[in-house]
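Report on the following structure.
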Amino acid sequence: MTEAAKSNKAPRTAITPTREENFPEWYQNVIKAAEMAENAPVRGCMVIRPYGYAVWENIQKHLDAMIKAEGVDNAYFPLLIPLSFIAKEAKHIDGFAKECAVVTHHRLEANDAGDLVPAGELTEPMIIRPTSETIIGDVYSRWVQSYRDLPLKINQWANVMRWEMRPRIFLRTSEFLWQEGHNVFETHDQAEADARRMIDVYREFYEDYMAVPGYIGAKTPDERFPGAIETYTIEAFMQDGKALQGCTSHNLGQTFSNSADIKFLDRDGTLKHAWTTSWGLSSRTVGALIMVHADDDGMVMPPKLAPHQVAILPIVRDDADTDKILAFCDELQKQLAAKGVTARTDKTEARSSDKMWTAIKKGVPVRVEVGAREIAEGKLTFTRRDLGKDGKKTATVGEFLSSIGGVLDQMQKDMLDRAREKMKAMVTDVASLKEMRDFFAGEKIGGVRIDYKLIQDSEEFEAIKKDFSVTPRCLPFDDEGQKVIVAKAY
RNA sequence: CGGAGCGUAGCGCAGUCCGGUAGCGCGCCUGUUUUGGGAGCAGGAUGUCGGGGGUUCGAAUCCCUCCGCUCCGACCA
């Protein structure tokens with residue numbers, strides 16, 4: 001490149017600021033540029049736009065199938081929970097009381113000034129579910145009578161509300177979407193195995209669909225879900241070095257069967273309290289998808305979750321060719337559909353360069369350019385989003401159609417591989433609390449892995465937590481509970 | 001709830017210190033030439049200056065008061 005060209009071509013990114021310059025702002029701008037979501041009039045709530053919701057729908061579609069394959073049925077439990085229900089379980093209420101939205105009235109009336117004011121105070125206030133253990137426990141106490149009723153495995157897709165002090169779109173909103181599974185077993189061991197099984201289902205989902213790897217393990221006691229005897233988690237690392245709890249699976253022991261009185265008559269004729277689990281994955285995973293894969297030009301969608309996998313971009317120079325090109329695009333889209341590949345043709349009147357940037361910012365895995373040249377030569381030009389413009393390739397229509405499946409699979413795999421490399425680089429092994437302090441005081445981003453023993457009952461570790469706002473993220477299964485990962489977290 | 005910023009056109013901002021009747025860029029609309037990694041030209045539309053109150057002949061600007069948003073912390077998926 002000549003000097004002149006260099007000076008004219010300031011490296012321009014589709015998203016400003018870049019990740020390097022200001023990660024939180026970059027994150028919000030990626031979402032805006034890809035038209036995935038926006039903030040709602042109510043603080044902490046979001047409007048999930050069609051393109052963002054399509055990602056969630058794909059998450060639902062695939063995860064739901066995986067959950068059902070575990071012998072779980074879907075059901076739906078109500079949004080409103082009697083206040084008395086959540087008050088039943090002391091640990092649980094300690095964990096959630098501060099974030100509960102409370103419904104106290106059921107009617108609006110106009111006052112003298114003409115303003116609508118709440119009237120009709122409820123005799124018993126209700127809370128909007130922050131999670132559904134208590135109400136599902138109440139229902140289960142009637143459904144479960146005999147060991148023959150077990151195991152009971154039910155999942156619901158729902159919205160929940162936790163009044164957040166500091167909301168961030170997708171990552172922490174007051175209202176969010178999720179699935180919550182609630183299983184009941186005869187024994188501790190069955191519940192424990194189930195909690196472990198479900199975190200493994202999530203791991204598979206995270207790796208195979210989201211192309212997001214993570215550190216999988218147990219939460220330390222103080223980081224557990226309120227009421228759980230074990231909480232398992234996937235801790236993924238974002239590009240800024242912070243960890244994100246990607247989902248959780250809890251062994252709830254007999255906590256909720258005690259408070260909700262879920263009992264079954266066992267084979268030996270005695271009444272026993274059941275053992276329960278719960279496990280959830282929320283719309284924050286969309287945020288993880290962005291913070292792991294997106295770059296300074298915007299979103300990069302893993303092919304398996306992309307709203308559409310191929311963007312067909314008609315390159316129209318001359319009105320005379322328009323109809324022919326569009327017809328060609330329609331045919332191409334149909335043939336892709338026949339191959340199980342979702343494609344969308346950009347039929348807007350935008351200039352071709354703008355069509356490209358739109359597809360780039362939305363992170364569409366593969367862009368295909370179709371112009372007069374392609375039609376004349378019977379060849380297509382296509383580009384993988386994650387490889388940049390240097391990844392441009394040409395192929396005949398036939399070659400393209402027969403290879404597109406493989407191209408998408410390869411991209412999915414490459415995204416996971418790259419994410420895994422980044423993840424490994426995010427965690428540094430340290431041998432002492434001194435080294436941990438030095439690490440967090442230094443420039444390097446990410447977290448540390450250290451012997452678990454060293455942080456237990458340690459005043460210095462409490463000080464480090466405070467000084468650098470880091471927390472124990474998990475005790476990875478790979479280290480058999482001997483090591484703990486400590487990092488800043490979302 | 002603490003700390004720091006900010007609220008002016010759809011978006012991003014200037015104007016505020018020092019009061020004088022609303023501006024820039026992008027986007028949008030029309031036309032035209034363009035179109036393969038962010039087009040050029042010519043026209044055009046768009047504002048309760050966050051809300052309320054006060055000072056003043058006159059307030060985006062000064063004073064009081066409320067509200068909201070963003071970032072950093074505490075809480076958390």
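Residue numbers start from 1 in every chain, and the chains themselves are labelled A, B, ... in the order their sequence lines are given, proteins ahead of strands.
U61(B) sits 10 Å from C18(B) when the C1' atoms are compared, rounded to a whole Å. A gap of 44 Å separates the P atoms of U33(B) and U16(B), to the nearest Å. Rounded to the nearest Å, the gap between the C1' atom of C66(B) and that of C75(B) is 27 Å. With C1' as the reference atom, G38(B) and G2(B) are 43 Å apart, rounded to whole Å. Distance check on atom P: G50(B) versus C69(B) gives 16 Å, rounded to whole Å. Remark: the separation of the C1' atoms in C11(B) and G51(B) is 23 Å, to the nearest Å. One C1' atom belongs to A60(B), the other to A14(B), and the distance between them is 12 Å to the nearest Å. A9(B) and G23(B) are spaced 14 Å apart, taking the P atom of each and rounding to whole Å.
Few gaps surround CZ on Arg168(A); more than 12 heavy atoms of other groups in view lie less than 6.0 Å from it.
Within the nucleic acid shown, Lys361(A) comes within 4.0 Å of at least one base atom, counting heavy atoms only. Thr381(A) comes within 4.0 angstrom of a nucleotide base, judged by non-hydrogen atoms across all strands. Within 4.0 Å of Val316(A), counting heavy atoms only, lies at least one base atom of the nucleic acid. The residue Ala288(A) sits apart from the nucleic acid: no heavy atom pair falls under 4.0 Å. Note on Leu313(A): nothing from the nucleic acid sits closer than 4.0 angstrom, heavy atoms only.
Pair assignment for C57(B) gives G20(B), based on Watson-Crick or G-U wobble hydrogen-bonding distances that are each under 3.5 Å. Here A14(B) sits opposite no nucleotide as a Watson-Crick or G-U wobble pair (both hydrogen-bonding atom distances under 3.5 Å). When both pairing distances are held under 3.5 Å, C49(B) makes no Watson-Crick or G-U pair with any nucleotide shown. Pairing for C1(B) goes to G73(B), judged as Watson-Crick or G-U wobble with the two contacts each under 3.5 Å. U30(B) is paired with A42(B) under the Watson-Crick or G-U wobble criterion, all donor-acceptor distances under 3.5 Å. In this structure G68(B) sits in a base pair with C6(B), meeting the Watson-Crick or G-U test at under 3.5 Å.
Spacing between atom CD of Glu223(A) and atom P of A74(B) amounts to 11 Å, rounded to whole angstrom units. In this structure, CZ of Phe328(A) is placed 20 Å from P of G36(B), rounded to the nearest angstrom. Atom-to-atom, CD of Glu349(A) to P of C29(B) comes out at 9 Å; the value is rounded to the nearest Å. Going from atom CZ of Arg317(A) over to atom C1' of U33(B) covers 14 Å, rounded to whole Å. Computed from coordinates, the Lys465(A) NZ to A74(B) C1' distance equals 13 Å when rounded to whole Å. Atom-to-atom, CZ of Arg385(A) to P of G37(B) comes out at 16 Å; the value is rounded to the nearest Å. One can place CD of Glu99(A) at 15 Å from P of A74(B), the figure rounded to the nearest angstrom. Rounded to whole angstrom, the span from the CZ atom of Phe468(A) across to the C1' atom of A74(B) amounts to 18 Å.
Ion pairing of Asp297(A) with Arg385(A) is absent here, as no side-chain N (NZ or NE/NH1/NH2) approaches a carboxylate O to less than 4.0 Å. By the 4.0 Å N-to-carboxylate-O rule, Arg197(A) lies close enough to Glu70(A) to be salt-bridged with it. A salt bridge links Glu192(A) to Arg196(A): one of the charged nitrogens lies within less than 4.0 Å of a carboxylate oxygen. Using a cut-off of 4.0 Å between Lys/Arg side-chain N and Asp/Glu carboxylate O, Lys393(A) and Glu399(A) are scored as not salt-bridged. Using a cutoff of 4.0 Å between basic side-chain nitrogens and carboxylate oxygens, Lys347(A) and Asp330(A) are scored as salt-bridged. One finds a salt bridge joining Lys392(A) and Glu369(A) here, because a Lys/Arg side-chain nitrogen approaches an Asp/Glu carboxylate oxygen to under 4.0 Å. Using a cutoff of 4.0 Å between basic side-chain nitrogens and carboxylate oxygens, Asp346(A) and Lys362(A) are not scored as salt-bridged. We find that Glu207(A) and Arg203(A) are joined by a salt bridge, their nearest charged nitrogen and carboxylate oxygen being less than 4.0 Å apart. In this structure, Asp296(A) pairs ionically with Arg19(A), as a charged nitrogen and a carboxylate oxygen lie closer than 4.0 Å. Salt bridge absent: Asp240(A) and Lys488(A) never bring a charged side-chain N and a carboxylate O closer than 4.0 Å.
Remark: Leu171(A), Arg172(A), Thr173(A), Phe176(A) in residues 170-179 of chain A come within less than 4.0 Å of RNA chain B through at least one heavy atom.
If you check C72(B), C11(B), C75(B) against the side chain of Met165(A), the one that comes closest is C75(B). Of the candidates G37(B), C72(B), C75(B), G37(B) carries the atom nearest the Lys389(A) side chain, counting heavy atoms from C-beta on. Of the listed nucleotides (C72(B), G37(B), A74(B)), G37(B) has the atom at the smallest distance from the side chain of Trp357(A). With G73(B), C75(B), U35(B) as the candidates, the nucleotide lying closest to the side chain of Ile315(A) is U35(B). With G38(B), G73(B), G36(B) as the candidates, the nucleotide lying closest to the side chain of Ser469(A) is G73(B). Among the nucleotides G37(B), U35(B), G38(B), the one closest to any side-chain atom of Ala14(A) is G38(B). Among the nucleotides C11(B), G36(B), C76(B), the one closest to any side-chain atom of Ser352(A) is G36(B).
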Task: CA sep, side-chain torsions, deciding dist, call: Phe477(A), Tyr232(A), ring pair (Phe, Tyr, Trp, His ring centres under 6.0 Å) - done: CA-CA 10 Å; Phe477(A) 291 150; Tyr232(A) 300 116; 5.5 Å; yes

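A donor and an acceptor atom never sit less than 3.5 Å apart when one is taken from the side chain of Arg367(A) and the other from the base of G36(B). Side-chain atoms of Glu369(A) stay outside donor-acceptor range of the base of G37(B), with no qualifying N/O pair under 3.5 Å.
A distance of 8.5 Å separates CG in Leu79(A) from CD in Glu175(A), rounded to the nearest 0.5 Å.
Map Gly388(A) and Arg473(A) each onto its nearest nucleotide of RNA chain B; the residue landing nearer the 5' end is Gly388(A).
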Open item on the list: Walk along nucleotides 66-71 of chain B from 5' to 3' and tag each nucleotide B, S or - by protein heavy-atom contact under 4.0 Å, base first, then sugar-phosphate.
Closed with: ---SSS

